[in-house]
Number of protein chains: 2
Amino acid sequence: MFRGPRRLGHMSAGPAESERRSGPLLQHLARRMLLRSESALTPLGLRPRHLVALTVLRDSDGISQQGLAGTLQIDGTNVVGLLNDLEAAGLVERRRSPEDRRRHVVSLTAAGTKRLGEAECALADAEDDVLGALAPGERDQLYDLLRRASQGCATPCAEAAVAESPDAC
Amino acid sequence: MFRGPRRLGHMSAGPAESERRSGPLLQHLARRMLLRSESALTPLGLRPRHLVALTVLRDSDGISQQGLAGTLQIDGTNVVGLLNDLEAAGLVERRRSPEDRRRHVVSLTAAGTKRLGEAECALADAEDDVLGALAPGERDQLYDLLRRASQGCATPCAEAAVAESPDAC
DNA sequence: TAGATAGTTCGTGTAGCACCAACTATTTAT
DNA sequence: ATAAATAGTTGGTGCTACACGAACTATCTA
């Protein structure tokens with residue numbers, strides 16, 4: 001039962017169409033993409049999470065490990081292992097920061113940039129598969145939105161949850 | 001070393017800017033969203049994965065469990081547990097299909113639709129946090145793209161990987 | 001000189017899955 | 001009618017990607 005019309009214009013409690021959240025869809029599509037990416041990346045010796053790190057590093061080169069932990073939102077101790085992988089493969093470089101010698105400045109190597117490019121080529125099929133319903137222009141649009149969102153919350157996100165908005169929800 | 005300009009217009013192997021893939025960014029943002037969603041959903045007795053299922057169910061009501069497994073791309077045996085959770089909470093319903101009585105037709109209950117709406121409200125802060133760099137109109141645009149992509153690969157995706165395209169990559 | 005901070009290593013725990021086996025109910029093929 | 005396939009369920013094992021804690025070094029700051 002209840003397969004009827006979903007009363008779009010309901011007035012009080014029902015969430016208007018505009019109340020829809022991207023979160024669950026983001027997770028859904030990310031998972032689908034993840035599954036297809038794994039096999040595509042294996043020949044390159046990379047895991048999806050490595051690609052995420054490399055992608056983030058391309059946009060924020062010279063970040064500290066702590067900064068990377070903040071951006072990726074994973075624990076610092078796990079960043080170590082992730083970077084160990086990438087550095088062992090010669091894709092990233094850890095250099096001591098001249099200003100604060102406790103810090104490691106992480107950056108892509110030339111090989112890392114190259115490998116990232118190869119990986120993106122290898123992901124073409126996966127993307128065709130998952131985003132097949134979108135026209136090429138729309139995919140560009142999507143990429144643009146994702147990238148801007150990603151850069152926008154580069155680091156500061158972590159403690160912004162205090163803002164008290166009188167949301168009508 | 002090699003911090004110099006990244007030779008964007010390189011001619012042969014280097015991936016043009018247009019070769020960028022959404023996959024890694026999708027994963028990145030999905031993770032950020034996931035982390036914030038967990039705490040927001042706890043008071044509602046839901047996990048992020050439940051929200052994904054409910055969201056998918058809203059768009060493909062009356063799907064079979066196998067169909068759901070295909071859409072979510074998780075093993076059928078795990079779908080059982082997921083639906084057990086949701087059914088125990090009264091949010092979804094399993095009815096035997098009249099045409100094929102082996103099948104369970106899964107659909108949102110009224111309570112499920114309501115809870116999903118509440119959850120979407122609860123996710124407002126998380127979304128503000130993660131998609132804060134996007135203007136409201138852009139968020140709508142993003143949602144629209146994600147949803148269309150999601151519906152586009154509803155089920156058939158699984159075995160489409162055979163298409164042989166002469167990609168120049 | 002003492003304490004904080006960045007990174008490292010090791011170790012434990014957990015959630016979300018995949019995957020296998022065995023079973024029931026039901027449908028389809030022979 | 002009987003066999004084989006299919007949808008779902010249950011229970012179990014194992015893996016991966018993390019979180020989180022403890023202990024340590026090097027370095028910076030008070």
Side-chain angles (χ1 to χ4, degrees), chain A residues 24 27-28 30-39 41-42 45-53 56 62-88 92-107 155 158, chain B residues 24 27-28 30-39 41-42 45-53 56 62-88 92-107 155 158:
Chain A
Q27 245 186 277
H28 180 209
R31 172 171 175 78
R32 296 186 74 107
M33 195 74 85
L34 176 78
L35 292 174
R36 283 160 182 77
S37 301
E38 274 173 346
S39 54
L41 294 177
T42 301
L46 294 171
R47 295 287 184 91
R49 62 210 191 85
H50 296 133
L51 251 285
V52 175
V56 165
I63 197 176
S64 73
Q65 291 187 205
Q66 222 180 221
L68 196 55
T71 299
L72 294 177
Q73 301 259 271
I74 64 179
D75 191 88
T77 64
N78 295 315
V79 170
V80 175
L82 188 56
L83 288 180
N84 285 350
D85 291 350
L86 295 174
E87 194 170 40
V92 307
E93 215 176 23
R94 285 191 258 216
R95 294 171 313 225
R96 300 224 83 105
S97 164
E99 308 130 19
D100 184 342
R101 301 193 57 301
R102 289 171 299 183
R103 286 190 184 170
H104 280 165
V105 166
V106 182
S107 49
T155 319
Chain B
Q27 246 185 276
H28 180 209
R31 173 172 173 79
R32 296 188 75 106
M33 196 75 85
L34 176 79
L35 292 174
R36 283 160 183 74
S37 301
E38 274 172 346
S39 53
L41 294 177
T42 301
L46 294 171
R47 294 287 183 93
R49 61 209 194 84
H50 296 133
L51 251 285
V52 175
V56 164
I63 197 175
S64 73
Q65 291 186 204
Q66 222 181 222
L68 195 55
T71 300
L72 295 177
Q73 300 260 273
I74 64 180
D75 191 88
T77 63
N78 294 315
V79 170
V80 174
L82 188 56
L83 289 180
N84 285 349
D85 292 350
L86 294 174
E87 193 170 40
V92 307
E93 214 176 26
R94 284 190 259 216
R95 292 174 314 224
R96 301 224 83 106
S97 164
E99 308 129 19
D100 184 342
R101 299 185 22 75
R102 289 171 300 183
R103 286 191 184 168
H104 279 165
V105 165
V106 182
S107 49
T155 318

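Lettering follows sequence order; numbering is per chain, from 1.
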Next item on the list: Assign a letter to each nucleotide of nucleotides 21-30 of chain D from its 5' end: B, base within under 4.0 Å of a protein heavy atom; S, sugar-phosphate only; -, no contact.
Entry: B-----BS--
Next item on the list: Hey, which sits more toward the 5' end of DNA chain C by its nearest nucleotide, B:R49 or A:H104?
Entry: A:H104
Item checked: Of A:L35 and A:R94, the one whose closest DNA chain C nucleotide lies more 5' -> A:R94
Margin query: Rounded to the nearest 0.5 Å, what separates atom NE2 in A:H50 from atom CG in A:L83?
Written below: 9.5 Å
In whole Å, I'd like the distance from the [atom1] atom of [X] to the [atom2] atom of [N].
X: B:L46; N: C:dG16; atom1: CG; atom2: P; result: 12 Å
X: B:L34; N: D:dA17; atom1: CG; atom2: P; result: 15 Å
X: A:Q27; N: D:dA17; atom1: CD; atom2: C1'; result: 15 Å
X: A:D85; N: D:dC18; atom1: CG; atom2: P; result: 11 Å
X: B:L51; N: C:dA15; atom1: CG; atom2: P; result: 18 Å
X: A:Q66; N: C:dT8; atom1: CD; atom2: P; result: 12 Å
X: A:E38; N: D:dT16; atom1: CD; atom2: C1'; result: 9 Å

Checking [X] now: which residues fulfil side-chain hydrogen bond (donor to acceptor under 3.5 Å, both in side chains) with it, not counting sequence neighbours?
X: A:N78; result: none
X: A:Q66; result: none
X: B:E38; result: none

Item checked: salt bridge (charged side-chain N to carboxylate O under 4.0 Å, His left out) against A:R47, all qualifying residues, sequence neighbours excluded -> none
Next item on the list: Would you please name every residue forming a salt bridge (charged side-chain N to carboxylate O under 4.0 Å, His left out) with B:R94, sequence neighbours left out?
Entry: B:E87
Answer yes or no: does a side-chain N or O of [X] lie under 4.0 Å from OP1 or OP2 of [N]?
X: B:R31; N: D:dA17; result: no
X: B:N78; N: C:dA18; result: yes
X: A:Q65; N: C:dA6; result: no
X: B:Q73; N: C:dA18; result: no
X: B:N84; N: D:dG8; result: no

Check: Under the 3.5 angstrom rule, does the side chain of B:R95 hit a backbone N or O of B:V105 as a donor-acceptor pair?
Finding: no
